[in-house]
Every structure is written in structure tokens, then in C-alpha cells.
Undergrad: 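One structure follows; several queries about it will come next.
Below, chain A is the first sequence line, B the second, and so on; all start at residue 1. The model shown is predicted, which means the values in this text are computed figures rather than measured ones.
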4 protein chains.
Amino acid sequence: MQIEKHKVDELNHQQSNTHKRNFEYVAADVANLDEVLAKVGAFNVAIPSWALGTGGTRFGRFSGGGEPRSLEEKIEDVGVIQALNKSSNSISLHIPWDIPENAASMNALAAQLGLHFDAVNSNTFQDQKDQKLSYKFGSLHHTDKAVRQQSVEHNIQVIKYGQELNSKALSVWLSDGSNFPGQLNFRKAFQNTLESLEEIYAALPDDWKVWVEYKPYEPNFYSTTIGDWGQSYLLASKLGPKASTLVDLGHHLQGTNIEQIVSLLLMEDKLAGFHFNDSKYGDDDLTVGSINPYQLFLIFNELVEGMDAKGINHATGLGWMIDASHNVKDPIEDLLQSVQAIKIAYTQALLVDKAALVAAQQNNDVVLAQEILQQAYRTDVRALVAEASLRNGGAINPVDAYRKLKVRENLINERGLNTVATGL
Amino acid sequence: MQIEKHKVDELNHQQSNTHKRNFEYVAADVANLDEVLAKVGAFNVAIPSWALGTGGTRFGRFSGGGEPRSLEEKIEDVGVIQALNKSSNSISLHIPWDIPENAASMNALAAQLGLHFDAVNSNTFQDQKDQKLSYKFGSLHHTDKAVRQQSVEHNIQVIKYGQELNSKALSVWLSDGSNFPGQLNFRKAFQNTLESLEEIYAALPDDWKVWVEYKPYEPNFYSTTIGDWGQSYLLASKLGPKASTLVDLGHHLQGTNIEQIVSLLLMEDKLAGFHFNDSKYGDDDLTVGSINPYQLFLIFNELVEGMDAKGINHATGLGWMIDASHNVKDPIEDLLQSVQAIKIAYTQALLVDKAALVAAQQNNDVVLAQEILQQAYRTDVRALVAEASLRNGGAINPVDAYRKLKVRENLINERGLNTVATGL
Amino acid sequence: MQIEKHKVDELNHQQSNTHKRNFEYVAADVANLDEVLAKVGAFNVAIPSWALGTGGTRFGRFSGGGEPRSLEEKIEDVGVIQALNKSSNSISLHIPWDIPENAASMNALAAQLGLHFDAVNSNTFQDQKDQKLSYKFGSLHHTDKAVRQQSVEHNIQVIKYGQELNSKALSVWLSDGSNFPGQLNFRKAFQNTLESLEEIYAALPDDWKVWVEYKPYEPNFYSTTIGDWGQSYLLASKLGPKASTLVDLGHHLQGTNIEQIVSLLLMEDKLAGFHFNDSKYGDDDLTVGSINPYQLFLIFNELVEGMDAKGINHATGLGWMIDASHNVKDPIEDLLQSVQAIKIAYTQALLVDKAALVAAQQNNDVVLAQEILQQAYRTDVRALVAEASLRNGGAINPVDAYRKLKVRENLINERGLNTVATGL
Amino acid sequence: MQIEKHKVDELNHQQSNTHKRNFEYVAADVANLDEVLAKVGAFNVAIPSWALGTGGTRFGRFSGGGEPRSLEEKIEDVGVIQALNKSSNSISLHIPWDIPENAASMNALAAQLGLHFDAVNSNTFQDQKDQKLSYKFGSLHHTDKAVRQQSVEHNIQVIKYGQELNSKALSVWLSDGSNFPGQLNFRKAFQNTLESLEEIYAALPDDWKVWVEYKPYEPNFYSTTIGDWGQSYLLASKLGPKASTLVDLGHHLQGTNIEQIVSLLLMEDKLAGFHFNDSKYGDDDLTVGSINPYQLFLIFNELVEGMDAKGINHATGLGWMIDASHNVKDPIEDLLQSVQAIKIAYTQALLVDKAALVAAQQNNDVVLAQEILQQAYRTDVRALVAEASLRNGGAINPVDAYRKLKVRENLINERGLNTVATGL
């Protein structure tokens, strides 16, 4: 199913008076309005191929209807999202859940929908049918060299798939770790991981990057071999300039100041990008901005400040990707809400009065610093986000449009009620 | 496969000199030795039917070989455990994972192995094939009366299965909750749950109990409708004397003082019993005693003190059950380690010098109170546990015996390498 | 120092055009505008007497200038706050930090500033000079009856002070707990506490309430005798209808769903009210709304929904109080920011489309439920809050007015640079 | 007050039969008994000068009697500890709480008691009387160069004091951080800190080290500028080989796998040593081993394994120090319990069957790896610790001896009931 542009335009037209009023109100106070709109308009967040189906937990999965049955249908779903929000122009594949058997045809389909392929993701946390050696006790960190070798080869295979799709980065998340004290020698596990990553690094094409994710626990519950930003940073430093650290917002212990980590990784030129989601407990993989939207804003505040200080292009300098699990929501609606939340936070961060903030910080005027941040955060920027979308041909309100255009009903008609997408 | 007693005896015989030396050393300082050994010998922990296969996470499951393919084989596995440790004389069924189609035959098999059936567990957190209404948005708390009714009927059905097996308690764990702010009206969810539980309560046979479990999160990540001990207690109070609160050690926020909760529930006559496991993060379902054995001891210290104050029989007054997930261990070995850890903690708690502790507490002699507790905890009571097992015909070292008797190899021969037990 | 109304009016006048534009914009979409403004205008949050000086930690305290040197000066400071925000018309005293030696004169001073006295707070967590028995090992829970008696008498004394000031509630926070396993018998500690509270309860005047606070840790780090809402609820239930549970936002383990607790306490008629603050870790006592403003909104959403369901008057039915510590901010500015944050969250909660939310919840339309909540939350309601203040004679922007009126400079001139207020 | 050796001997004599029986029992199974006893006998843990008085919280402090009134008396108290446990042969000073006005005389006093001076600690988290600039907003990270300079000079001054005492390391703990979003520019704060540390580093004598501590929160509750091991490691790497990371056990978010951090810092040659304590929540500063003794053992297991792999001398290669706060215990008793707990954990770690563990790890035999660790941990090694103490002339049971020798009573007689030691 594809969204016809005139239908989106029609819906926008119906809402245009209200939008106009809202936009003019908020725009009046934005000094650099065109710049803000241009930046928001240029901002895109990749959609992961595994997030287009209903997610689940170890206790089960309650599938919804009309889930994509193939990679083609997943690409089409991203096409729907992109048609509505004009901020999701790429898709991030997960191998082997979504092996692009025919890369040329995938590239063509994507291009037709205004999409391209973002980072490719390897998977050595599950055993696949007919796999020779098991990942039960890890992959890149494994005590058995043969298992490490198998994992390295899988990653190199993923790079090859990615090259055919014009991806430029390999994203590595390892579940390698231990469930019990004594299970692992931490030092050897780290060194095995480093050695394995070095082999993968050596296989990277010249213009590629490798992004090293960290996570403190789950699916292992005593230790994870790349457990925090420091461990990922240490690996990335030893690997070289093509390696950097990927931040998944749900991969932190409670209380972690994520925005500080973001700031320091930027300082060290080691921030790869993000897997966006929200959480109340652990890696809950909830809709971005659904639990703690202020934290998301604070992260974007550091991003904008730090990228500007480093001269990094907001739209293209880092990797932006959703990584969420939609257990009780329509996956596409969840993704639309997530991307909106990101754009809202980004827009608010653009509105922060930096000069005033720098001065308040210099004077330790803590009250004023808070007022400056909250002035931006309290501003209802939704009309700015909508305007940026509108100017790109997207919907004023993507979720609303999705519902009014009865997309899910159409997908169910096309695909049936009992489809189950590959993924978690 | 069944363990032949003479083989256990033979292994014990080989270790008898060492055991004798260890036992005599530690026994010399135990004033009420016979009482301690009798209590430890009488202590049994139920094995859940779902814990005999390899567990997994949402990221996958790595099965081991020789997993039980039927309820009969699960009962046989519990028979193996009981033959080795003489402390696992009952099995707790989970419906519908393990529907006892022929109760008489199950009872006979169990009796032959020296086993009986403990509490039965309902399951309204997963949809079963051909189920009319979905539990995607909960069961007993559901906004739709028809779903609540279906869940109530399932629970009543489980009671019926339990009656045929001479169970005396229904254990209810609900995953009901919400993933996002706004999803639920907390008050209505609570009241729906209460109303549903009242219907189940009304269906309880005279000599039955209903045990209400609580859990703060997972599989829902914003709220759980029975989220903490206070909420479970509130429900149990409103339901009546047959209802009480079941404590699963992994179902708490980090930092919760579980032993205090145990003490207060005992005080209020509302402690049903335990699901034992250990955890570093959340409901990790790790081997009991593998992460924080001192906490386990502190819990048993409260149990012994509180049960004695209330005149509750240690062996039979509360429900004792393992609830763990064996993702990287042989399930039977994991269960054997867990039961040993429980028996060790219980024995240590029996050794606490209560009179001295009461006096130290009365005098606020905090240093001495710690010395008294740690005197018991630091004591190596493994020989006492072994002696109690020995006197009951069990193994001195159950894990060691299990390996030497090559039980898993035999099970694989019998059942094959690629069996997968029902359960999580 | 007192704020002259004409100066506030003058500042408002300077900002009136901007305010008018903002107000008209947001007001246009508020159906029940007058009702909302009336409710916001009627909403007041008490200021604690101990929060008018700079706070500190165990590592030290960095005092600011012009701190109040007496209870009179503290009352004057609250007068300043009230003159600016018209939402802080009461003061909550802490005994013995602020003993009102001459109640008549205190009442007169307060009345002159438009203030009255809210709940009185007892203190049995510190030893006072010339105190007979020490609270080192607790107070109401103490193993020594004489210490319990001393604590009870102190609380009754506090009630007497409160009666002279026309307070109507005693707020009890106990630090009673233990630092080490074994230190306490939890059951006896609970029962001693109950017995002590019963004596205090018996001394309550007919129209008084007692509010029982809970807290999981600090200053004790192993257990707290009233550690969570369940324990407070249990005590309040046993005590009777005049007793209820006070929620301090910082008194929870990480991850606690506070809004659910609020909803259930309201359901059970046991919610006394709030100590407002914000936190990232524990009882950080940071400015309300500075860390997680969405959570504050979610709490107010439950409050509005639950109070309306119970027919509780928003302004007077529960106790609203700040309890924060201002370690790096001017205390008055911190309090002004806090009260603004509360009023913003309350106003947002009033804007929630309840009928739509109820319908979405009934249909398990989780996406829509989130949209409805965030529609209210994303709305920039600051102009509504400002208008309510304006209509009551307060400032459009209290913090801004405080600075422009150079209040702190005046206080320093009056009181000096090196004053230190009593309190933490 | 000094402990007379013959009195300790006399007490030991009374317990010698029991000790002999216990020792012989446990020693029989220790293959390398002499080596173990030699290592345990050589192991010493420094006592911090600030830990000899009663500690407190922001809610107050309940002093005990006989606290040391001067540095001399603190040194004497450490002499008492050392006389009893023969494992506390050094003292770590905190400047300016304990300025050694006359270094020669302090050295002489220490030497007479068999003591020397360990690392010196600077303090830029409190303002001292007559201090020119305030540390309210930090020290080494301050936005104002002059404050940074003052802090640097203080640290250099502390080094000078240390040189006179033959210390060889400066231990730096900064409270620098922020309480509110926006207060700090994280990057600039980090860079200011680095620049300041570089100046201190430059002032280090040739044979000195600088130890950089990290802590996630308290006294700042939003961010800490050296917040985790990664940030400390980053600084230490940039500084050079004399800089390394100091681990305080209480300075971690809940759930942190500290033993993994220890292992990796050892791998990178960046582990300076430890501040030992225990905690249930945050930096609770409780008696070592009082809350989670198994974790302490796991840390020592990594230490022994990692130091052996690196050829680091257990006794002298790293810095071992207590850092606890004794709020409800006699400080000396608390310290004696802490050192015993450390020695127990160390001894258990020495008993781990390394060859078997390496093999189990290599085979991913998780069950066996746990059995191996717990075999060492479950062993009651107290008689080994006692024997090592005995051979050095210390007490079999230091806490017991302290009480029987009525040390506190003597100190109260000497110093009075109402003394208050400098420190927290």
C-alpha cells in the first residue's frame, strides 16, 4: 500500500486554518525561523526493519493484523511512514531477519518510495536454523575461537549485504555476557571481543563505519561484555577512527545521566549515533518520548550544542534510528509517534537561547539556566514541526492522517489478519 | 529415567569419610542438633513444571538436550531431583502448559516417585490457540467484562484440575498492567481485578487458598495492576482469610528490603509463601543464592523468627517453590543448586542465636547484632544439609551425584537432543 | 521586607501586551476557561518554614545572604512569595526549628501578609540540646518505652503549638529505621510505632488529621520502619479515619509508579497530600519540575481524575506543600519556580479531555490515550497560569518580578550576608 | 590509650583451644596453607583519619563518647586497631580536617605504634573558614579560573603535607557537579577538570601517584563531573602513567557490576585501589561486608586473578583503604568489623581453585564455575584469618578483644563523653 500525496494534501487542507493560527503564534517568537524550519525539515530518523511488526516479551507476543510478510512489505511500510512524516527516509536492516536476496530490486523499491538504506545490523544473539555453532555462550567474546570466527564471518557477510544496498555503517549489538558469577573471565572476554572486532574492522570498506553498542543487562543478567559507554569507548579507541559508540537510550542503569555521556562522546569524536526509545525500567523499548520527554529534550540540547561546537551536520553527521518494540500499539502508529517526539525535542533544543545559557552557566546562575532551558521546552513547538513537514509534502499530523486514511485497514485487507513479521 | 537408590548410596559411601569429618566438626557447636537436622530434613521446596526445560528471553532460547516432552517426563525429572536431594517432594503445575489429562495416572506416577502436587498456577498472560478473547490488554483487570469472565473461568478450571491432583492452592500471577501513561485507569483496573478475584475466591473449595503474586514490571513497562506487596495485601485483605500474598524474590524494585516485607506479611497473617530465585537487575530468574546469598539468609532469618512467633510449621505452613529460568544451565542442575542454596540459608537461619539477638536488639547493640547474624551465616553448614539429606536417603552432594550418575546423558539417550519442553 | 503591590502591577503592566497575546492564543482552545482559571487561581501550595534558608548535604552547606534569622523573618519571606505568585498563602512550621513563642503575634503577622498556618511538623530525627533521651536509635519505634514516650509527648506538644496557630493537621515523618541487618526486629518496630501513633492519634483535636509519611531510606540505609506506601497505609488503616498517608515525591525507590500509588490511596480515602519536590536519584529535594516534569503532570492527572471521582475539592481537600532543599539556588527563587511548576502541571491536568480519555481507555486505544495526555501536556499553559495569578493580584512572572524588584539585595541589606536560617 | 600486647595474648590464650580446633579443621583442606597465611598476614588496609569519629547525615549526627580530639588521638585510635588486628598499619589523612602541623612528631608517634601514612586526601568540597573563594559551584571544574587555581593550589599543598609524612599518593575526590539541567556545560566542566588535574599532576614528586575517584551523585544530584569509571579512566589516560582510578564501592548506580570494572581497570593498568564500604542504596558508607558479602568476595576474586595475571603484589601493589561512616556504631568497632570482612573475602578469594575455574570457564560449564566459587565462599575461613592475625601478634577476634579490654570505656575516661572528631 502506498499513500497518495493528494490525500495527505487534502487532510492538511482541512486543518490549514488551525495550523496557520498555531504556526504564526509560535513562529513570531523564533528569531531564526527559516533556519529552524530548514533544520527540522532536513532531519530524518531511520526505521529499523524489525520494528514494523508487533513486538513481544519472553511471556509472549500478541500480534496485530496486516503485519509485513516480507522485506518488500517492510519497505512499503517505511514508505507509508515517510509519506506521512517526511522524516523517515531510510530503513535499517537486520540480518538475517531481513536478507535482501535481490539487492537491486530492493534498492529500486526503496528509491521509488524516497528511501535509502541506513546502517545494517548483525545478529549473533540468536541461533539460526542450520547454524554450525551455537551462540548460547556468546559470539565475538566466545571462549572458542571457532565460534568467534563464525561470528566475525557473519558480520563480514552483513557488510557485504550492506554494500549492495549502499549502506555505510555496520551496527553491532552483542548480547555476549554472563548470567552467573564465575561464568566468564571478564578480561579474556573483553580481549576476545576486541580481537574479533579488529577482524571485522579490517573488513570495513574505506567509507564505512562500525558502531559499537553497549548495554548493561538482558539477555544476560550478571554481566554484559560491552556493558557501558566506557567499555564501548575503550573498544572504539583501540579499534581506530572508523569505530565509535552507539547510544541506545534504553541501555543504561537507572539514574544514568545519558546527556552527559552524549556530551563527552561528542567531545571525544566517538559518538556514532542513537537508537531512540523510552523506558521506565530497563530496555523497555517504549515509544520515544512517552515516559520522560524532558530527558529526550536534554539529550537533544547536548547534541545541538556539541554538534555545533564540533561543526557536525545535524542531519547527516550522526546516525539516528528508532529501536523500539510495539507490544500494544500498531507498529506504524508507534513509529510515527516516536519520530514526532524526536522532532519536537530537536526543535525545542534549537530554540534554546544559547548565548544566554552560556552566560548563565558562566555566572553559575542556576535558576536562570533552568528558566532558559524550560522556556524552550515549555514552548509548544508542534506547529513548527508540522510546518516543516508540510513544506516537505508531509502531513500536519501524521498519526491523525494515518488513521483517517485507514492505512491499517488497508494493510489488513492486503495482507490478512494473521501475519507475523520477522523480528523480536 | 529413575535414580536407583543403591547408586546414590554408593556415591555417598565413597564420600562418607570426608562427610563424617565435616559433619562432626560443625555439629559439635550446634546445641539443638537433632532439632535442626529434623527441621532441615522435613523442609521441601516444590518444583514448577515449567522449569524443567531450558528457559529463554525475548531474544531467544538455546535449548539443551533431553528436555521432558510431556507432563509424565516432567514428573519423572522431579523424581530425579527428589531422589537426589530428598527436599523436592512436590511439583507445581502450570495450566495450560501442563494439563493433566489423566489425573489418576498422574497421581499414581507422582506417588510412585514420592511426589505430590503443590499449588496450581493459572496463565492469563498468553493467548492460547483457539482462545476466544485475547489477553493482549490484560485479563482479570480488563476493561471488557467478557475478557474478565473468560479469565475467571480459566482460573476456576485450573482449580478443578488442581482438585483432581489434591492441590490445595491456586497461585495467581497476572501480567495485567500498562505500557504507557494514559492506557489505564488505575482505580478501575484495581477494582476490576478485585471483582474478578472475588469470583475466583467464591469458587475455592473449603480447604483451598488463593495466593496473589505481585510484580512491579515486565511484561508491562509502565504499570502493573498488582505491582507491589501493598497492592497484593490490599486485595488479599478485601478477599478474605483464604487469600494471601505470594512473594517472588525477583518481583521487586532495586533496593527493596524484601525481608522487611516478609516480616510484616507474617505479622498480618498474609504471607502465602515464596517463589524463590535470585536476581541482579529485575525478574532475572537466576539460580537461588547465585547473586546475593546473604539476602536469602536474611529472608530466612525473618521467616524462622516470624513463623516461630506465630507458631507456623516451617515445613508445611507456607508455600515454598522455585521459580527460575535456566537459560545457560542444565535445568535439573540449576534446580538442585537452587534447593541446596535454600537449605543452606534455612539451616544458617536455624543456627542464629535468637536469645542473644533479641538482647542485642533491645540494647541497640548494632555491632553485636551483626556479629550474631554473621556468626550463623559464616558457618559452613553444608555438612548439616548433607547429613539431613543422607538421613532421608538422599545424596551428600546432589549436583555431584547427578553428574556422576550421568543423568543428563541418559535423558538425552531416552528423549533425544532436540526436545523442547513447554513453558517460557 | 514586603512587596508593594503597585510595583508588581507596574511590572505586569510592562509585560501586558505580550501576556495578552499569549493568553488569548491559549485561552481560545480552552472550553471551560473560567472554571480552569478559577481552579488555578484557588490553588495554593504551603511553604515549609525550613525551606527559606540554603540547604545542604552531609558534605556541607554553602549559605547565601539575607537568610531569615527568625520565625518572623521566615513568615515575611513567605509573604514575599505569596505577594508574587498568589499561590502560597500558608506556611508549614517545623518544631522545634521554629517554635512560635508568641502565637498571637505570629497569627497577626501572618494574617497581615494574607497567610495562615498549614500542617505542623514534628521532629524526632535529631537530638535537641538538653533533650533527655536520644533519638540515635529511633523515636516512635524505639525499643525503649521511655524514648517512645518522649517522642509521643513531643508530637502532642507540636499539636498544641499548632492549635494556637489554627493548624488542622500534624505531619509526621520518622527517620526511624536501621542501618544494618539484625539491628531491628521489624515486627516489633512496626508495633511500637503503631502504639506510639495511637497515643498521638488519641490526642488529636476533633477537627485535626495526622499525616503519616513514608520513605524507603536515608538517614537509615538498611531499613526504614515506615518505608513505603503500604506500610504507611497499614498504619493509617489501623489508626482510623483521621489518619492518612502523605506522599513525598522523593521518597520512593527508582522506578516506582507514584501516580498509581496516588490513584489507589485516593480510592481508599487515605491520601493526605503531598510534599512536592523532584529528584533524579533519591530524596534529592530538587526544585519541583526540574528533572521530570512529565511525571509531575501524570501525578496531577491522577489527582484531578481521582479527586473529581471522589468529590474532593482541589484547593482544600488535600494537603499541598513544598519540601525541597535549595543548595545552589536562592531559596525564594527555588520556591517560586517550584510553585510555578506545580501550577503548570495542575493546569495541564485540567486541560485533559477526560471524556475522550475514558473512551480511549475503554477501547484500549493506547496510541490515542497517549495523544490525549500529551495534547494537554504539550500545551504551553504558562499564560493561563499567569492570568490566574494576575487576576489575584500576583505577578505574571514571579521569578522575573523577584529579580527586578531586587528582593534578595534588599534582604541582604536588612539581614546581612552571613545569616543562617534554622533547618537542614 | 595503647593496647598492651600481653593483654591481647592473654585473651588469645583463653580462646586458643577453640581456635586450634577451628584452624586445624579448615587448614587441612588448604593445599598452599603457608602461602595463604603469609598473604593474609601481609595484607593491610589503611584507616582514614576522618572515620574515627561518629558519622552523620544531613539530618544530623549522634556523637558517641571518647572521640579523638586531635590528630594525635586519631593516630592513637589507629594504633589500637592495628594492635588488635595487625592489618591496619597505616593511616590516610584528610586535609584540612587533619593538618599535621608537626610532621616529625606525627611520624614519630605513628612509627612508635607501627604505623605509617598512606595516601593523603584533599578536600575541595567544603568551604573552610577564611577561604578566599567558595566551592559552592565546584572546584577543579569551576567556570572561574581563580577558583580552579585555588583548588589546584590546595591539592599541591596537600602533596607537600604528604611528602613530610612519606605518603606516596594523592587521592582526589571531587564533589564537582550540578544539581539541575542547564547548570553546567559538561564538556567545559570536563576540560576544566582535566586542565586542573594536569597542573596537579605536574606538581607530583617522581615517586608519587594521583588517584582519581568517581561517583555518580551526592552531594550533587543531577550530574557529577567525574561520574563513572569511564570518565575517571578518560582523565587518567590523558594525564599519564602516574594517574589511575580509585574505586569506592559505594560510588556506583544500583546494579553496576563492580567486579567487571575492577577486572578491566586492572587490564588497562589503571586501577589505583579501593575505598571499601558497603551499601544497599547509594554511598551509604556502611560497614564493609554488612550488606552484600558475596559481592565483596567476587571483587576480591577478580583482584586476586587480575593482580596475579599482572604480577602485582597483593599487599603493596594497590591502595587499600576503608571509607565508611559510622552513624550508629562505635567507630573503632565498625572499622574492626570492616577489616575482618575484607580479610575474610580476600582469604576466600585465595582459596578459589583457579585451575578448575579456568577449565570450567573454557568449557562454559556455568554450573561448575558457580560450584567452584561457592566452594571457596562457603568455607568458613575465619580461623585462617585469626591464625594470620595471631602469627603477627594480633587478636584472634579483634572486636571481642576490643570489648573485653574495655577500650571505649578507657577512651571516654581519657577524653570525655562529649568530644566530636573532625570529619563528616
Undergrad: Go through it in stages, so that I can follow the logic: the residues are D285(D) and R58(C), the test is side-chain contact (heavy atoms from CB on, under 4.5 Å), and I'd like the CA-CA distance, side-chain angles, deciding distance and then a yes or no.
TA: CA-CA 12 Å; D285(D) 278 335; R58(C) 64 173 168 139; 2.9 Å; yes
Undergrad: Can you pull out every salt bridge (charged side-chain N to carboxylate O under 4.0 Å, His left out) where at least one residue sits in residues 128-143 of chain D? Sequence neighbours excluded, please.
TA: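 The answer is none; no pair qualifies.
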Undergrad: How are the rings of F59(C) and F125(D) set relative to one another: parallel (under 30°), tilted (30 to 60°) or perpendicular (over 60°)?
TA: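 Perpendicular: the ring planes of F59(C) and F125(D) meet at over 60°.
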Undergrad: Given a strict heavy-atom distance threshold of 4.5 Å, which part of Q254(C) is in contact with chain D: side chain, backbone, both, or neither?
TA: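 When you check distances to chain D, no heavy atom of Q254(C) falls under 4.5 Å.
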Undergrad: Looking at residues at least two apart in the chain, or sitting in another chain, which of them share a side-chain hydrogen bond (donor to acceptor under 3.5 Å, both in side chains) with Q128(D)?
TA: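 Once residues adjacent in sequence are excluded, Q128(D) has no partner under the side-chain hydrogen bond (donor to acceptor under 3.5 Å, both in side chains) criterion.
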Undergrad: So which residue, D127(C), D278(C), D284(C), ends up with the most heavy-atom pairs under 4.5 Å with chain D?
TA: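 Maximum pair count with chain D is reached by D284(C).
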Undergrad: Heavy-atom distances under 4.5 Å only: say whether T287(C) touches chain D with side chain, backbone, both or neither.
TA: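 Both parts, backbone and side chain.
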Undergrad: Contact part of Y135(C) toward chain D, heavy-atom cut-off under 4.5 Å: side chain, backbone, both or neither?
TA: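 Both backbone and side chain.
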Undergrad: Based on non-hydrogen pairs under 4.5 Å, which of Y217(C), F137(C), F221(C), F62(C) is most in contact with chain D?
TA: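 Ranked by contacts with chain D, first place is F62(C).
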Undergrad: Do the numbers put K329(C) on top of the ring of F180(D), so that NZ or CZ is under 6.0 Å from the six-membered ring centre and no more than 45° off the axis?
TA: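 Yes, K329(C) sits over the ring of F180(D).
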Undergrad: Among N327(C), I291(C), D283(C), N220(C), single out the residue with the greatest number of heavy-atom pairs under 4.5 Å to chain D.
TA: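 Heavy-atom pair counts peak at D283(C).
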Undergrad: Please look at S223(C) and chain D and tell me whether the side chain, the backbone, both or neither of the residue comes under 4.5 angstrom of a heavy atom of that chain.
TA: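 Contact with chain D involves no heavy atom of S223(C) at all.
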